[in-house]
Amino acid sequence: MNKPATCFQLLNFYIFLALSFVLFSCGSPEKELSEFSDTMDLEVFNPLDRERSDVMVYLNERDLLSKYPNFNAKGFVVKNGEMEIPSQYNDKGHEIGIVFVLPFIGPKETMSIQIAYHSENEISRDYPKLTQAELSHKVDGHFENRVYMGGTFQNVDELHVPAEHTDHSWFIRYEGPGWESDKVGYRFYLDWRNGVDVFGKKVPEPILQRVGHDNFDSYHDMSDWGMDVLKVGSSLGVGSIATFIDGQAKRVDVTDSLYAAVRNNGPVYSSIETKYYGWDLGDSKTTITSNLSIHSGTRLSKQMLNSSGEIGNFATGLIKDQKAEVMTGGEGLAFEYLATYGPQSLAEDKLGIAVIYPSAQKMELTQDKHSHVVVLKPESNTITYYFLAAWEQEKGGIQDKESFKIYIDQVVEELSNPLVLTF
């Protein structure tokens with residue numbers, strides 16, 4: 001028997017319905033299936049005995065083309081009955097293939113999805129942009145003593161970081177790549193610090209393109225879109241990459257060089273790839289490849305890491321803040337979490353942050369001077385984990401610890417029980 005929905009769950013349900021209506025009414029005009037030469041049918045099953053919202057569906061290119069070799073990535077739409085679902089095709093990055101986000105799927109529901117395509121024609125689609133990834137640095141200036149003088153910011157698809165660049169070089173806008181959903185934004189420092197920070201958003205539309213142009217770090221002050229809400233300092237911030245050595249979380253600090261690229265910048269999915277060449281582990285070096293992604297309707301960032309050489313462990317975690325309470329959970333599930341909640345934002349209001357990791361790869365939960373740390377055992381030198389931030393001033397934001405715990409428990413349950421796809 002299903003448990004009665006809480007007020008928080010009912011509120012979220014109605015918010016999701018409203019957002020879904022806006023999303024689909026503002027999307028591209030509905031296209032009749034008769035406009036397409038071919039159709040593939042997909043069944044999506046929710047194994048949980050409760051509804052779930054804003055769930056990403058990913059069909060990888062290999063499986064797709066093995067069954068439908070004439071599929072045209074530039075000429076398709078995704079539909080559930082008469083409703084067109086915003087989608088995109090990733091032709092770069094780690095998750096190559098079709099991506100779309102279901103606004104809602106019921107308990108134990110099997111949903112029928114149609115993917116209609118024309119094997120030759122390109123189909124124009126225009127969906128609301130609910131995710132973004134960007135990388136912006138100055139051009140037409142020059143470095144003096146590792147500070148970039150003059151120039152203007154320009155968005156780029158990739159960057160081989162100049163050797164002269166370091167922290168506070170005033171070269172990269174908001175100091176590194178940024179990515180966001182309609183819920184929250186993130187950035188990391190593309191230098192020796194390599195810490196992940198949070199942009200709290202008060203609005204659902206993309207905001208990164210507005211950040212860091214005036215006075216460079218004005219995002220530390222409240223604006224109409226929100227602000228930087230996390231103090232990272234020497235800590236792991238939220239979900240930063242590290243390894244745990246001699247009782248300390250060592251971020252990716254000393255490297256031979258750095259490279260970053262925006263791989264996807266779409267309406268429902270965006271991603272960033274970063275290569276840390278020659279990370280000095282003390283007794284050896286390795287190259288780390290990071291693939292960060294986010295989809296619409298979620299606060300979750302997905303982090304996929306690969307090391308070119310043997311690495312004893314990966315570590316990640318959260319900043320220590322005396323104003324925040326530590327929480328753990330997920331025991332017995334495929335994923336567990338380490339989280340904190342309390343008045344720890346730079347706006348001096350409530351912020352919840354969490355890292356979510358595969359239970360089977362947990363080595364230990366520990367801490368150092370600056371951070372709460374989870375140490376993870378890589379498999380074939382790889383690891384995948386997630387992190388998130390929930391700020392009380394976001395639209396429909398979580399307002400108390402109990403609601404944050406309900407939310408994070410549900411997220412972990414959903415990651416541990418993914419949708420089942422049949423096509």
Side-chain angles (χ1 to χ4, degrees), residues 92-93 132-180 185-199 208-220 228 230-243 249-263 265 270-282 285-292 301 303 305-308 316 319 370:
K92 292 180 290 187
Q132 181 170 220
E134 73 165 13
L135 177 58
S136 179
H137 68 83
K138 283 187 175 179
V139 296
D140 300 326
H142 63 280
F143 279 98
E144 287 184 13
N145 298 319
R146 308 195 76 176
V147 174
Y148 199 82
M149 310 297 291
T152 57
F153 287 115
Q154 175 179 297
N155 277 31
V156 296
D157 292 330
E158 62 180 356
L159 173 64
H160 293 272
V161 180
E164 300 93 333
H165 176 65
T166 186
D167 61 291
H168 300 91
S169 284
W170 319 121
F171 171 62
I172 303 175
R173 186 155 58 85
Y174 52 79
E175 301 190 276
W179 65 104
E180 65 179 313
Y186 300 96
R187 62 169 175 150
F188 71 86
Y189 307 122
L190 193 56
D191 54 53
W192 65 271
R193 295 169 297 170
N194 185 45
V196 178
D197 203 349
V198 179
F199 289 128
L208 290 175
Q209 72 281 0
R210 300 162 55 187
V211 177
H213 289 280
D214 54 332
N215 300 322
F216 194 79
D217 59 355
S218 58
Y219 44 79
H220 290 120
D228 179 329
L230 190 67
K231 174 67 175 176
V232 175
S234 299
S235 78
L236 292 174
V238 54
S240 302
I241 308 167
T243 188
K250 173 183 169 64
R251 298 186 302 198
V252 187
D253 45 11
V254 180
T255 61
D256 293 337
S257 62
L258 300 173
Y259 167 83
V262 174
R263 292 305 187 203
N265 182 18
S270 291
S271 67
I272 294 167
E273 179 181 289
T274 309
K275 288 187 177 291
Y276 303 88
Y277 291 100
W279 180 21
D280 189 347
L281 298 174
K285 285 188 176 184
T286 188
T287 294
I288 301 295
T289 301
S290 158
N291 284 279
L292 280 164
S301 277
Q303 173 68 279
L305 297 176
N306 173 263
S307 174
S308 65
T316 189
I319 183 174
H370 303 288

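Every value quoted in this text rests on a predicted model; they were computed, and no experiment measured them.
- At a threshold of 4.5 Å between non-hydrogen side-chain atoms, the residues Leu190 and Glu175 do not count as touching.
- Looking at every heavy atom in both residues, Trp279 comes nearest to Ala242 through CH2-C, 3.9 Å.
- Taking the six-membered ring where the residue is Trp, the centroids of Tyr148 and Trp170 are separated by 6.0 Å or more.
- Under the side chain to side chain contact (heavy atoms under 4.5 Å, CB included) criterion, Ser234 pairs with His370, not counting sequence neighbours.
- Put simply, the side chain of Ile288 does not reach to within 4.5 Å of the side chain of Tyr277, judged on heavy atoms.
- The side chain to side chain contact (heavy atoms under 4.5 Å, CB included) test applied to His160 returns Tyr259, not counting sequence neighbours.
- Within the 4.5 Å cutoff, the side chain of Gln154 has no heavy atoms near those of the Thr152 side chain.
- Considering all non-hydrogen atoms of both residues, Val262 and Val156 come closest at CG2-O, 4.3 Å.
- Here Glu144 contributes atom CD and Ser169 contributes atom OG; the two are 12.5 Å apart, rounded to the nearest 0.5 Å.
- Scanning all heavy atoms of the two residues, the minimum distance from Val232 to Gly195 falls at CG1-CA, 4.3 Å.
- Rounding to the nearest 0.5 Å places CD1 of Ile319 at 9.0 Å from CG of Asp197.
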Side chain to side chain contact (heavy atoms under 4.5 Å, CB included) assessment of Leu292 paired with Tyr186: CA-CA 10 Å; Leu292 280 164; Tyr186 300 96; over 6 Å; no
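- Proximity of Thr287 to Tyr276: side-chain heavy atoms (C-beta onward) are nowhere separated by under 4.5 Å.
- Once rounded to the nearest 0.5 Å, the distance linking CG of Leu208 with CH2 of Trp179 reads 9.5 Å.
- For Asp167, the side chain to side chain contact (heavy atoms under 4.5 Å, CB included) partners two or more places apart in sequence, or in a different chain, are Asp191, Trp192, Arg193.
- Between atom CZ of residue Arg210 and atom OH of residue Tyr219 there is a gap of 16.0 Å, rounded to the nearest 0.5 Å.
- For the residue pair Glu273 and Thr289, no side-chain donor N or O sits within less than 3.5 Å of a side-chain acceptor on the partner.
- Residues Leu159 and Phe171 have side chains in contact (heavy-atom distance under 4.5 Å, counting atoms from C-beta outward).
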Worked check of side chain to side chain contact (heavy atoms under 4.5 Å, CB included) between Ile241 and Asn194: CA-CA 7 Å; Ile241 308 167; Asn194 185 45; 3.9 Å; yes
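- For the pair Lys285 and Asp256, the minimum side-chain heavy-atom distance is below 4.5 Å.
- Between Phe199 and Tyr174, the ring-plane angle classifies as perpendicular under the 30° and 60° cut-offs.
- A heavy-atom distance below 4.5 Å is found between the side chains of Asp228 and Arg187.
- Proximity of Glu134 to Asn265: side-chain heavy atoms (C-beta onward) are nowhere separated by under 4.5 Å.
- Here the straight-line distance linking atom CG of Leu135 with atom CD1 of Ile172 works out to 6.5 Å at 0.5 Å rounding.
- More than 12 heavy atoms of other residues, nucleotides or ligands shown are found within 6.0 angstrom of NZ on Lys250.
- The shortest non-hydrogen separation linking Ser240 to Thr316 is O-OG1, 2.9 Å.
- Listed for the Arg173 side chain is a donor-acceptor partner under 3.5 Å among the backbone atoms of Val211.
- Side chain of Arg146 to main chain of His168: no donor-acceptor pair is present (N/O by atom type, distance under 3.5 Å, no hydrogens or angles).
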Audit row: Leu305, Ser290, side chain to side chain contact (heavy atoms under 4.5 Å, CB included) steps and yes/no: CA-CA 5 Å; Leu305 297 176; Ser290 158; 3.7 Å; yes
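- Taken to the nearest 0.5 Å, the CG atom of Asp157 stands 9.0 Å off from the CZ atom of Arg263.
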